[in-house]
Amino acid sequence: VCGAYDTAALARELTLLLGSEQVLAGDGPGVAHYEQDATSARGLRARADLIARPGSAAEVAAVLALCYEHEVPLIPRGGGTGLAGGAVPLGGGVLCSLERLRAIRALEPGLWRMHVEAGLRTREVQRLARENGLCFPPDPGAAEQSQIGGNVATNAGGPHACKYGVTGNWVTGLEAAVAPGELIEVGGPYRKDVGGYDLKSLLVGSEGTLGIVTAVRLQLMPAPAEALVLIAFHRTAAEGCAAILELLAAGVQPAALDFVDGTALRIAAGAWEDGNMEIPPDAEFALLIEVDGTREQAHAAHAELVAVLEPSALELREPDRDALWRWRDRVAGAVSAVRGGKVSEDIVIPVEHLAEALARFAEIAERHGLQGCAWGHGADGNVHANLLLDPHSEEDLTAAAHATDELFALAVALGGAISGEHGVGALKGGQLARQWPPRALGLHEEIKRVFDPKGLLNPGKKLARAPAQQPPTLASARSNPDA
Ligand SMILES: Cc1cc2nc3c(=O)[nH]c(=O)nc-3n(C[C@H](O)[C@H](O)[C@H](O)COP(=O)(O)OP(=O)(O)OC[C@H]3O[C@@H](n4cnc5c(N)ncnc54)[C@H](O)[C@@H]3O)c2cc1C
């Protein structure tokens, strides 16, 4: 039974709508991957009662209408790469997978525009743009698996957000299924729109709690003619962070300015594709930098980079660009592999406090008896703070929960925010209360009620305040195999 409704009866209605192959039992064969997202290494898993795989936007709206009529929770799922447990169906209900919404509705290279359905993978969107001489800059990791709808729902960033901004900056319009079960389109194939409240931006980053994104209109840009990369190794995080501030003060505009700390560098060195990445023995920090533009612009910016970084860096290295970003994508996996899992949070702080944030995170990790390491988007002040753990150890999970609690407090104390990219999902429910005043939290909750009066869209996710019953903790999620 889904809530008060009979699961078998709901399955029959969904089957009439979608066909039998597109309605799966949550405990059926070959569906385990729908129980988890990228937080599975933290032990978060849950089974939906039913999995619905609609094949069109109209079918998504019809599934939503059915769930709304019968008061059944509905959880949208994209590629399942989310890092906040947003797509994990913690309370059961119907999981709505967008994987079959793959149509390219329009590709207009001359107008720098693309209109695609939500289930297209991020890498496919990037490739389509590139094959037409254009570029779709947002580049969250896991692009082979994540979907453009999931990127919109989490307002995903990535290294190139440094110059080009996050996914939402490239969305001019979107179509969504909203309660009680109809399709709306907000925005369109135009770049400016101040006619109404900005519903498009409300849906961007709403993590499936306000509506289900079915299609997006994307702005593209001409691909930069040249992109040059550089790795700058520094002796300490403090020196590396100071170099970031020097680059900004010098007016250099990097396309990407990521950092990786010494622990992560050494763990991931072996993940370099043609052998080991040689790390200078004294290096405790590396900046991964890209500059782009016309050939002349890119080379001029590169020369400026070298001039600013040379005095402080231990070594400057010029690797192959693709190899560098592929390695950067592998860092998370290499770090996870050390103890079988990791807790990874992504606080964001004003960039001038980056060095302090990293030093205090290291101290927090050590005090809680866990190995910590960090990487992230340096110029954005976005820190991916990782605690290595054994996902089967209650002790580790409890220590990580205490440490992350202190980390969120630290972010807010430094004038920052609890999440720069990954969102609130199931794991950070209530943390926003540290950051926002009560009236703002109330507005957040009222907006949810306006869009979703029955509270059925991804319930328990993106909660501004802790609910009376606490959101699932890592330990409680693990101790209940069905939750
Ligand atoms: C190795 C790795 C690296 C990553 N690097 C980055 C990074 O650099 N920057 C970054 O921002 N993120 C990063 N992420 C996080 C993740 O990849 C992004 O958040 C991604 O955009 C999620 O897309 P998805 O399709 O996998 O969504 P899912 O995980 O399926 O879902 C994420 C959330 O969006 C909702 N959702 C999904 N599709 C829809 C839809 N069509 N309509 C409404 N709601 C929907 C879900 O309910 C859930 O709440 C990384 C993850 C991994 C595993």
Side-chain angles (χ1 to χ4, degrees), residues 14-15 17-24 30-31 33-34 37-38 48 50-64 74-82 86-87 94-109 111-132 134-156 158 167-168 170-178 182-189 200 203-204 207-208 211-220 458:
L14 283 170
T15 301
L17 198 63
L18 308 177
S20 57
E21 284 183 6
Q22 308 309 341
V23 182
L24 311 172
V31 297
H33 62 285
Y34 292 115
D37 64 7
L50 294 168
I51 296 148
R53 299 191 299 196
S56 69
E59 285 186 356
V60 174
V63 169
L64 200 159
L74 183 61
I75 300 92
R77 178 188 171 90
T81 68
V94 173
L95 187 93
C96 179
S97 172
L98 279 300
E99 68 203 272
R100 293 178 61 232
L101 265 75
R102 295 183 40 80
I104 297 160
R105 293 188 181 174
L107 176 61
E108 299 167 296
L111 295 165
W112 308 357
R113 292 199 308 233
M114 193 190 285
H115 187 192
V116 294
E117 291 191 340
L120 216 62
R121 301 225 168 121
T122 313
R123 186 71 83 222
E124 293 173 312
V125 170
Q126 292 167 339
R127 201 174 294 136
L128 210 54
R130 202 169 48 242
E131 284 166 2
N132 287 277
L134 296 167
C135 170
F136 177 66
D139 58 344
E144 299 290 350
Q145 196 187 330
S146 66
Q147 298 175 2
I148 190 67
N151 295 172
V152 171
T154 55
N155 202 5
T167 301
W170 298 86
V171 175
T172 65
L174 58 79
E175 180 189 77
V178 293
E182 57 195 279
L183 287 175
I184 57 166
E185 177 158 19
V186 284
K200 174 184 60 117
L203 285 159
V204 171
E207 300 180 52
I212 304 184
V213 177
T214 50
V216 265
R217 291 182 185 273
L218 300 174
Q219 177 71 47
L220 308 172
N458 215 357

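- Residues Val63 and Leu17 come closest through the heavy atom pair N-CD2, 3.8 Å.
- Listed for the Gln126 side chain is a donor-acceptor partner under 3.5 Å among the backbone atoms of Pro138.
- The two residues Gly211 and Val178 make their nearest non-hydrogen contact at CA-CG1, 4.4 Å.
- The salt bridge (Lys or Arg N to Asp or Glu O under 4.0 Å) check on Glu182 picks up nothing, with sequence neighbours excluded.
- The nearest pair of heavy atoms linking Ala52 to Val94 is CB-CG1, 3.9 Å.
- Shortest non-hydrogen contact noted between Pro54 and Ser97 is CD-O, 3.6 Å.
- With values rounded to the nearest 0.5 angstrom, Ile148 atom CD1 is found 13.5 Å from Leu101 atom CG.
- Distance alone, capped at 3.5 Å, places no donor-acceptor pair between the Ser146 side chain and the Thr81 backbone.
- Shown are Ile212, Leu95, Val60; of these, the side-chain contact (heavy atoms from CB on, under 4.5 Å) with Leu74 is made only by Ile212.
- Using a 4.0 Å cut-off between a side-chain N of Lys or Arg and a carboxylate O of Asp or Glu, Glu21 and Arg100 do not qualify as a salt bridge.
- Taking the salt bridge (Lys or Arg N to Asp or Glu O under 4.0 Å) definition, one finds that Arg217 meets it with Glu185, sequence neighbours left out.
- Within the model, atoms CG of Leu107 and CG of Asn132 stand 4.5 Å from one another, a figure rounded to the nearest 0.5 Å.
- Applying the salt bridge (Lys or Arg N to Asp or Glu O under 4.0 Å) criterion to Glu124, with sequence neighbours excluded, gives Arg102.
- Distance check: Leu18 CG to Arg53 CZ gives 10.0 Å after rounding to the nearest 0.5 Å.
- Put simply, the side chain of Arg121 does not reach to within 4.5 Å of the side chain of Glu144, judged on heavy atoms.
- The CD atom of Glu108 lies 10.0 Å from the CG atom of Leu220; values are rounded to the nearest 0.5 Å.
- In this structure a side-chain-to-backbone donor-acceptor pair under 3.5 Å is present from Thr214 to Glu175.
- Rounding to the nearest 0.5 Å places CD1 of Ile51 at 7.5 Å from NE2 of His33.
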Before giving the answer on side chain to side chain contact (heavy atoms under 4.5 Å, CB included), spell out for Arg77 and Tyr34 the whole-Å C-alpha distance, their side-chain angles and the decisive distance to 0.1 Å. CA-CA 8 Å; Arg77 178 188 171 90; Tyr34 292 115; 3.6 Å; yes

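- Interatomic distance, His115 NE2 to Ile104 CD1, rounded to the nearest 0.5 Å: 12.0 Å.
- Closest approach of Leu98 to Val213, counting heavy atoms only: CD1-O, 4.0 Å.
- No donor-acceptor contact under 3.5 angstrom links the side chains of Asn151 and Thr167, judged on distance only.
- Of all non-hydrogen atoms in Ala61 and Ala177, the two that sit nearest each other are CA-CB, 3.9 Å.
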Does the side chain to side chain contact (heavy atoms under 4.5 Å, CB included) test come out yes or no for Val171 and Leu218, once each step is laid out? CA-CA 5 Å; Val171 175; Leu218 300 174; 4.0 Å; yes

